[in-house]
Amino acid sequence: MSKVIIIGAGGVGSVVAHKCAQNPEVFSEIVIASRTRRKCDLLAKAIEEAAAKDGRKLPAISTDSVDADSVEQLCELFRRHKPEMVINVALPYQDLTIMDACLECGVNYLDTANYEPRDVAHFEYSWQWAYRERFEKAGLTAILG
């Protein structure tokens, strides 16, 4: 049905990637991207091994690397893979950069946390909610937290 890019290959990214892979009727292709491609490759291998053990069908899974602090690199990633949705499970201070790239490239957005400035522990949705009208005007969905 749809191609998704999962940005982040840590603990939360691992859970998200495994769950998406368990639903190939929803996610026909999964790209796992993080700053360190090796982590993405190891995660993809773990997903494939789990599916083989359980006899499950998998969507197509590939990996890539990206600096989620760079709108330019994110847009290059999105243009290369052409996802319908980005699932952001990167660091909270990267939310706005990823949202900017999604807007620039016309990609739907979902995250599991809310924005937090890099150097201040201050969880608040107001920064991300400020994007609402921009996503709406672009005809895109942004699901936060």
Side-chain angles (χ1 to χ4, degrees), residues 1-51 57-145:
M1 182 218 129
S2 67
K3 186 174 194 174
V4 63
I5 291 179
I6 299 169
I7 299 177
V12 176
S14 177
V15 171
V16 169
H18 276 275
K19 290 296 183 183
C20 289
Q22 290 172 0
N23 293 284
E25 67 284 351
V26 177
F27 302 104
S28 57
E29 294 181 62
I30 298 170
V31 177
I32 304 167
S34 184
R35 185 180 334 240
T36 308
R37 188 168 190 162
R38 184 174 188 287
K39 286 176 65 176
C40 301
D41 292 340
L42 291 171
L43 176 53
K45 183 178 179 184
I47 292 168
E48 291 165 357
E49 288 172 354
K57 179 183 174 193
L58 278 178
I61 299 175
S62 60
T63 64
D64 211 324
S65 63
V66 69
D67 178 353
D69 291 323
S70 168
V71 172
E72 182 179 329
Q73 281 193 35
L74 288 160
C75 285
E76 288 172 10
L77 177 76
F78 299 168
R79 289 182 184 118
R80 188 166 47 252
H81 292 285
K82 299 174 180 43
E84 291 183 48
M85 179 174 65
V86 166
I87 300 177
N88 171 15
V89 285
L91 297 168
Y93 62 80
Q94 295 169 319
D95 291 1
L96 302 184
T97 308
I98 297 169
M99 291 178 81
D100 285 335
C102 284
L103 281 166
E104 186 172 324
C105 296
V107 180
N108 296 296
Y109 174 87
L110 179 138
D111 72 31
T112 61
N114 57 318
Y115 175 74
E116 176 183 356
R118 183 184 294 260
D119 299 322
V120 180
H122 183 81
F123 296 101
E124 187 175 319
Y125 277 111
S126 64
W127 290 290
Q128 286 180 284
W129 280 111
Y131 280 68
R132 180 175 181 239
E133 191 172 305
R134 291 170 60 198
F135 271 85
E136 206 170 87
K137 284 183 180 178
L140 297 170
T141 299
I143 300 174
L144 310 176

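Along the sequence shown, the residues carry numbers beginning at 1.
Remark: the backbone N or O of Thr141 is paired with a side-chain donor or acceptor of Asn108 at under 3.5 angstrom. Looking only at distances, no side-chain donor or acceptor of Thr36 sits under 3.5 Å from a matching main-chain atom of Lys39. The backbone N or O of Lys82 lies less than 3.5 Å from no partner atom in the side chain of Lys3, so there is not a single donor-acceptor pair. Judged by distance alone, with hydrogens and angles left aside, the side-chain atoms of Ser2 form a donor-acceptor pair with the main-chain N or O of Val26 at under 3.5 Å. With hydrogens and angles ignored, the 3.5 Å screen pairs a side-chain donor or acceptor of Arg37 with a backbone N or O of Thr63.
With values rounded to the nearest 0.5 angstrom, Asp41 atom CG is found 10.0 Å from Ser62 atom OG. Between the CG atom of Asn88 and the CD1 atom of Ile143 there is a distance of 13.0 Å, given to the nearest 0.5 Å.
Taking a 6.0 Å sphere around CZ of Arg80, one finds it holds more than 12 heavy atoms contributed by other residues, nucleotides or ligands.
In this structure, the side chains of Pro83 and Val31 stay at 4.5 Å or more apart for every pair of heavy atoms.
Counting all heavy atoms, side chain and backbone alike, Cys102 lies closest to Leu140 at O-CD1, 3.9 Å. Of all heavy-atom pairs spanning Ile32 and Ala9, the tightest one is CG2-CB, 4.3 Å. Across Leu144 and Met99, no two heavy atoms sit closer than the pair CD2-CE, 4.1 Å. Listed here is the closest heavy atom pair of Lys57 and Pro24: O-CG, 3.7 Å. When all heavy atoms of Leu77 and Ala33 are compared, the closest pair comes out as CD2-CB, 3.9 Å.
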Check against side chain to side chain contact (heavy atoms under 4.5 Å, CB included), Gln94 and Ile7: CA-CA 10 Å; Gln94 295 169 319; Ile7 299 177; 6.0 Å; no
Step-by-step salt bridge (charged side-chain N to carboxylate O under 4.0 Å, His left out) determination, Glu104 to Arg134: CA-CA 10 Å; Glu104 186 172 324; Arg134 291 170 60 198; over 6 Å; no
